[in-house]
Chemist: 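Provided herewith is a single structure, encoded as structure tokens, for subsequent inquiry.
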Amino acid sequence: MGIVNVTPDSFSDGGEWFEREAAIAHARELVADGATILDVGGESTRPFADPVSLDEERARVVPVIAALVGVGAQLSVDTMKVDVARAAIQAGATYVNDVTAFRHEPAMAALVAEHGCDCCLMHMLGDPKTMQVDPRYDDVVSEVKAFLEERAAFAVAEGVAEERIAVDPGIGFGKTVAHNLELLRRLDEIGALGFTVLVGTSRKGFLGTLVGREDPHDRVAATVATNVLAFERGATVFRVHDVAPTADALTVAAATLRGDGA
């Protein structure tokens with residue numbers, strides 16, 4: 001899943017692809033590099049980010065999605081707003097990535113069900129403005145797993161097919177470095193829920209802390225390592241900025257773990 005941030009303030013690439021034509025060109029490059037899903041977002045969810053108005057977010061993402069129809073990848077909208085998702089679906093999106101797991105606007109579940117979209121339900125402690133203010137858990141993996149199980153049950157009750165649901169433990173969303181590493185180490189427990197597991201570690205701050213890289217662009221190798229580990233533990237969707245190196249690493253990991261070298 002290649003990240004297309006149509007935002008001026010995302011933590012890693014804010015402003016780089018804010019201009020519409022730049023975002024479209026970048027998305028096409030991600031597909032050429034091996035992305036099979038493009039995740040287009042118009043509202044930053046980095047720690048301490050301010051929310052974006054409905055009209056502004058819609059104006060950012062919908063033209064980009066419309067321009068990418070037929071590009072050779074599934075189109076995803078990264079939003080918590082029903083009206084943005086609806087407009088994106090009308091423009092050609094078939095995937096809704098909601099960092100609130102349908103809590104911000106519960107009607108999102110019915111919209112996804114109505115259109116037969118795929119969706120991702122993510123765990124986040126609080127909201128972007130507060131999530132990194134002293135996050136605490138008794139057992140982060142058990143608590144995240146219970147949350148995702150409850151949100152998936154809600155989605156199914158609203159008519160979303162189980163096979164359309166992916167779950168994301170929300171690396172970096174209200175977690176310390178230790179929490180993030182524990183979630184990665186025990187990711188198979190999240191996979192035991194029976195849903196597709198998506199991970200989003202790309203260039204995140206905890207990697208910078210671990211490897212001493214302040215510039216997010218310098219965290220590619222660290223990102224690749226987390227994705228290979230996540231793949232070995234059952235993840236099958238990887239939300240990344242740097243598609244080519246991640247795809248290469250996962251190809252090698254898959255051939256090795258399958259044992260056929262193909």
Chemist: Mind checking whether F147 and V156 sit in one hydrophobic cluster, side chains of I, L, V, M, F, W, Y counted as touching below 4.5 Å?
Modeler: yes

Chemist: Would a single hydrophobic cluster contain both F154 and L148, if residues Ile, Leu, Val, Met, Phe, Trp and Tyr are joined by side-chain heavy-atom contacts under 4.5 Å?
Modeler: yes

Chemist: Determine the minimum heavy-atom distance between G174 and P135, stating which atoms define it.
Modeler: O-CB, 3.2 Å

Chemist: Look at R60 together with E56 and state whether they make a salt bridge at an N to O cut-off of under 4.0 Å.
Modeler: yes

Chemist: When rounded to the nearest 0.5 angstrom, what is the spacing between NE2 in H123 and CD in E150?
Modeler: 11.0 Å

Chemist: If we only count heavy atoms from C-beta on, is the M122 to L198 side-chain gap below 4.5 Å?
Modeler: no

Chemist: Is it true that a side-chain atom of R219 and a backbone atom of L207 form a donor plus acceptor pair closer than 3.5 Å?
Modeler: no

Chemist: Please identify each residue that fulfils side chain to side chain donor-acceptor pair (under 3.5 Å) with R103, with sequence neighbours left out.
Modeler: none

Chemist: Same cluster or not: are V167 and V160 linked, directly or through other Ile, Leu, Val, Met, Phe, Trp or Tyr residues, by side-chain heavy atoms under 4.5 angstrom apart?
Modeler: yes

Chemist: Do the non-hydrogen side-chain atoms of V112 and F102 ever get within less than 4.5 Å of each other?
Modeler: yes

Chemist: What I'd like to find out is whether the side chain of S44 reaches to under 4.5 Å of the side chain of N5, using heavy atoms alone.
Modeler: no

Chemist: Compare every heavy atom of I65 with every heavy atom of A93, then report the nearest pair and how far apart it is.
Modeler: N-CG2, 3.8 Å

Chemist: Considering only heavy atoms from C-beta outward, does the side chain of E43 approach that of T79 to under 4.5 Å?
Modeler: no

Chemist: Going from CG on D242 to CG on D248, what distance comes out if it is rounded to the nearest 0.5 angstrom?
Modeler: 12.0 Å

Chemist: In terms of hydrophobic clustering (I, L, V, M, F, W, Y; side-chain heavy atoms under 4.5 Å; direct or indirect links), are V40 and L111 co-clustered?
Modeler: yes

Chemist: Do side-chain atoms of K175 reach the backbone of P169 as a donor and acceptor pair under 3.5 angstrom?
Modeler: yes

Chemist: Between CD1 of I171 and NZ of K204, what distance do you get to the nearest 0.5 Å?
Modeler: 7.0 Å

Chemist: Can you classify the ring geometry of Y137 versus H179 as parallel (below 30°), tilted (30 to 60°) or perpendicular (above 60°)?
Modeler: perpendicular

Chemist: Answer whether the closest heavy-atom distance between the side chains of L183 and V141 falls below 4.5 Å.
Modeler: yes

Chemist: Taking the side chain as every heavy atom from C-beta outward, state whether V71 and I24 have any atom pair closer than 4.5 Å.
Modeler: no

Chemist: Are V252 and L257 connected in the hydrophobic side-chain network, where two residues link if heavy atoms are under 4.5 Å apart?
Modeler: no

Chemist: Any chance CZ of R213 has more than 12 other-residue heavy atoms, nucleotides or ligands included, within less than 6.0 Å?
Modeler: no

Chemist: Starting from the C-alpha separation in whole Å, work towards a yes-or-no answer on side-chain contact (heavy atoms from CB on, under 4.5 Å) for T100 and D98.
Modeler: CA-CA 5 Å; T100 75; D98 184 348; 2.8 Å; yes

Chemist: If I take atom SG from residue C117 and atom CD1 from residue I165, how far apart are they, to the nearest 0.5 angstrom?
Modeler: 12.5 Å

Chemist: If every non-hydrogen atom of M1 is compared with every non-hydrogen atom of S76, which pair is closest and at what distance?
Modeler: CE-OG, 4.3 Å

Chemist: Tell me the salt bridge (Lys or Arg N to Asp or Glu O under 4.0 Å) pairs involving residues 153-165, sequence neighbours left out?
Modeler: D118-R164

Chemist: Roughly how far apart are I89 CD1 and E114 CD, rounded to 0.5 Å?
Modeler: 8.0 Å

Chemist: Are side-chain heavy atoms of L229 and L184 found at a separation under 4.5 Å?
Modeler: no

Chemist: So does T223 get a backbone contact from the side chain of N227, meaning a donor-acceptor N/O pair under 3.5 Å?
Modeler: yes

Chemist: Looking at H217, is its backbone amide N or carbonyl O close enough to the side chain of D215 to form a donor-acceptor pair, meaning the two atoms are under 3.5 Å apart?
Modeler: yes

Chemist: Does a side-chain N-to-carboxylate-O contact under 4.0 Å join E182 and R185?
Modeler: yes

Chemist: How close do V61 and G42 get, counting heavy atoms only, and between which atoms?
Modeler: CG1-N, 3.2 Å

Chemist: Show your reasoning for whether side-chain contact (heavy atoms from CB on, under 4.5 Å) applies to F238 and S202.
Modeler: CA-CA 9 Å; F238 309 87; S202 190; over 6 Å; no

Chemist: Using the side-chain contact (heavy atoms from CB on, under 4.5 Å) rule, take D139 and R186 through it: C-alpha gap first, then chi angles, then the decisive distance, then the call.
Modeler: CA-CA 11 Å; D139 180 335; R186 296 167 55 193; 3.2 Å; yes

Chemist: List the atom of V199, the atom of D168, and the distance in Å for their closest heavy-atom pair.
Modeler: CA-OD1, 4.4 Å

Chemist: So do L75 and L38 actually touch side chain to side chain, heavy atoms under 4.5 Å?
Modeler: yes

Chemist: Which heavy atom in G234 sits nearest to a heavy atom in V197, and how many Å separate them?
Modeler: O-CB, 4.3 Å

Chemist: Show your working on side-chain contact (heavy atoms from CB on, under 4.5 Å) between K145 and L193 and close with a plain yes or no.
Modeler: CA-CA 8 Å; K145 180 179 178 181; L193 291 171; 3.8 Å; yes

Chemist: When rounded to the nearest 0.5 angstrom, what is the spacing between OG1 in T251 and CZ in F231?
Modeler: 9.0 Å

Chemist: Could you check T201, T246, D78 and say which one makes a side-chain hydrogen bond (donor to acceptor under 3.5 Å, both in side chains) with R239?
Modeler: D78

